[in-house]
Amino acid sequence: MLERLQKVLANHQVASRRKCETLILEGRVKVNGNIVTELGTKVSLSDHIEVDGKKIIKQAFTYVLMNKPRGVISSVSDDKGRKTVFDLLSKEDQESRLYPVGRLDYDTAGILLMTNDGAFMQKMTHPKHQIDKVYRTICQGIITRDAVKKLKTGVSIGGKHIVKGVDVRVLERRIPMKTSYVEIVLIDGKYHQVKEMFASVGFPVVKLTRVKYAFLDLEGVKRGFYRYLKVHEVKKLFGYQFKHR
Ligand code: URA
């Protein structure tokens with residue numbers, strides 16, 4: 001597949017897209033031994049690319065970390081015409097056919113990974129590979145210690161699954177507002193799991209945000225934007241497994 005040189009450079013963490021364009025214009029980028037100063041140049045992954053004489057080790061796939069806003073659906077298209085996470089990608093990343101790794105509800109915000117690497121997708125979503133995800137919730141009511149204990153020891157959702165949080169922490173109880181701020185860490189990812197768990201203990205979720213995915217957080221990524229995962233982050237995710245205490 002051919003891709004624009006500046007995209008390939010940015011994708012390999014050489015610099016931001018804009019900075020990569022400058023590097024090309026400054027004649028600091030070589031493709032197969034020739035200096036390229038044309039911004040529209042298309043390259044393939046088999047091309048030998050150098051920046052300031054240093055070879056770029058290429059990644060065959062694209063991995064992005066998006067800060068998904070509320071009111072956006074986690075799929076590539078929607079039959080009801082709602083905005084999708086695909087719409088938030090640049091045209092070039094749309095052409096790379098990135099798919100969301102798992103899903104976040106329409107009204108849930110936060111970390112969503114997207115990739116075109118099927119093996120990565122499988123690894124991240126298979127229950128055998130234990131990936132911890134941290135959710136920050138605002139729930140209705142002043143959550144009790146008993147409810148927190150139940151969320152930690154296991155509750156039944158959908159009448160068939162017993163699920164639990166590997167950690168549950170109350171961040172704040174806002175007594176005048178009659179709301180609580182609670183963080184829950186989950187390994188599994190059943191449909192509407194956080195909402196169902198909180199509803200089952202009597203404290204329905206009013207706002208939900210995924211703030212961590214394994215060791216990744218939202219630092220530096222504004223709501224509605226995304227960044228590329230770094231090569232070492234992808235490598236680490238492939239070998240990642242949550243360690244129970
Ligand atoms: N649990 C939910 O209820 N919703 C999400 O979007 C993610 C986890």
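Counting starts at 1 for both ligands and their atoms, in listed order.
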| said: For T22 and R28, which I'm curious about, is there any donor-acceptor pair between the side chains at under 3.5 Å? | reply: no
| note | Within 4.0 Å of some non-hydrogen atom of Q193, the atoms of ligand 1 are 1 (N), 2 (C), 3 (O)
| task | Identify, with sequence neighbours excluded, every residue that meets ring pair (Phe, Tyr, Trp, His ring centres under 6.0 Å) alongside Y181. | result | none
| Going by distance alone, is a donor N or O of one side chain under 3.5 Å from an acceptor N or O of the other, for T179 and K207? | no
| request: Mark up the atoms of ligand 1 that fall under 4.0 Å of a heavy atom belonging to T108, in ascending order. | output: 4 (N), 5 (C), 6 (O)
| field | Ligand-residue contact atoms, ligand 1 with L104, heavy atoms, under 4.0 Å | value | 6 (O)
| task | Considering only NZ, NE, NH1 and NH2 on the basic side and carboxylate oxygens on the acidic side, decide whether D78 and R82 come within less than 4.0 Å. | result | yes
| remark: heavy-atom search around atom 1 (N) of ligand 1 in the protein gives V194 N, 3.1 Å
| task | Give yes or no for whether the N/O distance cutoff of 3.5 Å, strictly under, is met between Y135 and ligand 1. | result | no
| message | Any nitrogen or oxygen of D105 lying under 3.5 Å from a nitrogen or oxygen in ligand 1? Just yes or no. | response | yes
| N/O to N/O below 3.5 Å, does that happen between K195 and ligand 1? | yes
| query | Does S200 use its side chain to pair, donor to acceptor, with the backbone of V155 at less than 3.5 Å? | reply | no
| note | Within the 4.0 Å heavy-atom cut-off, what L208 brings close to ligand 1 is side chain
| field | Residues K7, D93: salt bridge by 4.0 Å N-O rule | value | yes
| Any N or O on H192 sitting closer than 3.5 Å to an N or O of ligand 1? | yes
| query | Do F120 and F61 have their ring centres less than 6.0 Å from each other? | reply | no
